[in-house]
Amino acid sequence: MKISTWNVNSVRARIDNVLEYIKLNKPDILLLQEIKTINETFPYEAFKKAGYISYVNGQKSYNGVAILSKTKLKNIETTLRGDKIKQARIIACDFEYKKKNIKIINIYLPNGNPIDTDKFFYKMNWIKLLINKLKLEIKKNKLVLVGGDFNIIPKEIDVYNYKNFINDAVFRIDVRNKFDEIIKIGFVDSLRIFNKKEKSYTYWDYMSGAWPKNNGLRIDHFLASNDLISLIKNVEIKKSIRNQIKPSDHVPLECFFI
DNA sequence: ATGGCAGAACATTTCTGA
């Protein structure tokens, strides 16, 4: 069983890439971020033909998240309690695996740049609301998986040159402290259980030759609750996807279950 | 210091992203 997450930077512009990824890698569940479309123009049919049901929380032009699944999912949720700005950045569901219920939460966390603007304050508040939600979820469901584009570089090792990012909203110390706060309430940065290597990036900017120079960032994550991590046997970054024609600037992250 | 690239839309320019 495999769950993947991928910021596709427009699902319609990337439809061929996503269909090819599905065909070759066969995730049971695929979490998508930055679909950049309203629900009405989401390519449900193309994914249905590929064997997937789509659950969508869309928005015009920006943001938007979706969950593709081979089987029906329950308790679809598309709001973050307390978020007054209501951008489409979260979709959650319940998934039954080996007779156990896993709460899966797909997020596209605000980027927050430039720092110390409304965008930054929105990011910090959004994380605070997410932490409130995760505290509740972990009480109700011991098995919780949070996947998606966190727009947070957890540690210095997770970026090609951390000194360039000291005052960036994806790395500033207060943002990283918030990430650590999520860990402290009972989650694990699952990739790092299986892969301690530097240069394990999930995003490369389109600009300035970031990809050929391997100037990457690790900002896409699967956080597993402490009780869930024992069900996970591996987490992998699908780096080769960045070589696609017309690629997304992010690559998929795959979480394998025992 | 700042542009470079990419996608969407009230579109041939502006905005957003990270």
Side-chain angles (χ1 to χ4, degrees), chain A residues 5-19 21 31-43 46 56-66 85-90 106-127 130 147-176 178-179 199-221 237 239 241-253:
Chain A
T5 178
W6 190 7
N7 178 324
V8 288
N9 185 20
S10 171
V11 70
R12 290 183 293 166
R14 217 68 60 210
I15 187 68
D16 293 342
N17 309 52
V18 181
L19 289 172
Y21 170 76
L31 313 180
L32 298 177
Q33 302 88 34
E34 268 204 281
I35 59 173
K36 291 188 170 177
T37 176
I38 52 175
N39 294 15
E40 289 74 10
T41 45
F42 186 88
V56 182
N57 179 16
Q59 183 184 325
K60 196 176 195 174
S61 304
Y62 308 116
N63 313 315
V65 285
I85 296 178
K86 293 184 190 303
Q87 295 178 346
R89 295 180 173 277
I90 189 164
N106 175 17
I107 64 165
Y108 174 47
L109 210 145
N111 171 278
N113 277 310
I115 53 167
D116 298 329
T117 63
D118 285 347
K119 289 183 181 178
F120 184 78
F121 304 138
Y122 182 52
K123 177 180 198 167
M124 294 302 278
N125 189 244
W126 206 94
I127 301 171
L130 179 68
D149 178 357
F150 284 65
N151 270 314
I152 300 174
I153 300 164
K155 302 206 183 305
E156 292 174 2
I157 189 180
D158 297 312
V159 57
Y160 68 98
N161 182 358
Y162 73 88
K163 287 179 182 166
N164 291 358
F165 289 84
I166 296 288
N167 288 312
D168 192 292
V170 298
F171 187 70
R172 205 166 78 163
I173 189 65
D174 42 2
V175 174
R176 280 183 286 145
K178 280 286 180 199
F179 186 87
K199 298 181 181 173
S200 296
Y201 306 137
T202 63
Y203 164 90
W204 296 259
D205 203 308
Y206 288 123
M207 294 183 279
S208 315
W211 170 241
K213 288 188 271 195
N214 199 24
N215 287 347
L217 287 62
R218 189 171 74 92
I219 52 176
D220 301 271
H221 309 293
I237 299 167
K239 187 173 179 181
I241 296 291
R242 194 60 175 76
N243 281 321
Q244 283 178 329
I245 296 166
K246 255 187 72 167
S248 169
D249 40 5
H250 297 248
V251 297
L253 184 64

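Proteins come first, then strands; the chains are lettered A, B, ... in the order of their sequence lines, and each starts at number 1.
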*Asks:* Rounded to whole angstrom, note down the C1' distance from B:dT13 over to B:dA18.
*Replies:*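 B:dT13 and B:dA18 have their C1' atoms separated by 22 Å.
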*Asks:* Within this structure, what is the CZ-to-P distance between A:F42 and B:dA8, rounded to whole angstrom?
*Replies:*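 Whole-Å distance recorded here is 13 Å.
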*Asks:* Please identify each residue that fulfils salt bridge (Lys or Arg N to Asp or Glu O under 4.0 Å) with A:D16, with sequence neighbours left out.
*Replies:*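 For A:D16 there are no salt bridge (Lys or Arg N to Asp or Glu O under 4.0 Å) partners, ignoring immediate neighbours.
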*Asks:* Under the salt bridge (Lys or Arg N to Asp or Glu O under 4.0 Å) test, which residues partner A:R176, sequence neighbours left out?
*Replies:*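 Here no residue qualifies.
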*Asks:* Would you please confirm or rule out a distance under 4.0 Å between OP1 or OP2 of B:dA6 and any side-chain N or O of A:R14?
*Replies:*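 For B:dA6, OP1/OP2 do not have a side-chain N/O of A:R14 under 4.0 Å.
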*Asks:* Which pairs pass salt bridge (charged side-chain N to carboxylate O under 4.0 Å, His left out) with one or both residues in residues 210-219 of chain A, sequence neighbours excluded?
*Replies:*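 Only A:D158-A:R218, A:D189-A:R218 qualify under salt bridge (charged side-chain N to carboxylate O under 4.0 Å, His left out).
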*Asks:* Can you say whether the rings of A:Y162 and A:F171 are parallel (under 30°), tilted (30 to 60°) or perpendicular (over 60°)?
*Replies:*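 Tilted: the ring planes of A:Y162 and A:F171 meet at 30° to 60°.
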*Asks:* In whole angstrom, give me the gap between the C1' atoms of B:dA8 and B:dT2.
*Replies:*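 To the nearest whole Å, 25 Å.
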*Asks:* Kindly say if A:R12 contacts the phosphate of B:dA6, meaning a side-chain N or O under 4.0 Å from OP1 or OP2.
*Replies:*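 The answer is no; no side-chain N or O of A:R12 sits under 4.0 Å from OP1 or OP2.
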*Asks:* Could you list the residues that satisfy ring pair (Phe, Tyr, Trp, His ring centres under 6.0 Å) with A:Y21, not counting sequence neighbours?
*Replies:*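 Testing A:Y21 for ring pair (Phe, Tyr, Trp, His ring centres under 6.0 Å), a comparison that skips the adjacent residues, returns A:W6.
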*Asks:* Holding to side-chain contact (heavy atoms from CB on, under 4.5 Å), I want the full list of residues that pass it with A:N243, two or more places apart in sequence or in another chain.
*Replies:*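 By the side-chain contact (heavy atoms from CB on, under 4.5 Å) rule, A:N243 matches A:W211.
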*Asks:* Using the P atom in both, what is the distance from B:dA11 to B:dA1, to the nearest Å?
*Replies:*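 Going atom to atom, P in each nucleotide, I get 37 Å.
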*Asks:* Going 5' to 3' through nucleotides 10-18 of chain B, assign each nucleotide B (protein heavy atom under 4.0 Å from a base atom), S (under 4.0 Å only from sugar-phosphate atoms) or - (no protein heavy atom that close).
*Replies:* S----BSSB
*Asks:* Using the P atom as the point on both nucleotides, what is the distance between B:dT16 and B:dC10, in whole Å?
*Replies:*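 Roughly 14 Å separates the two P atoms.
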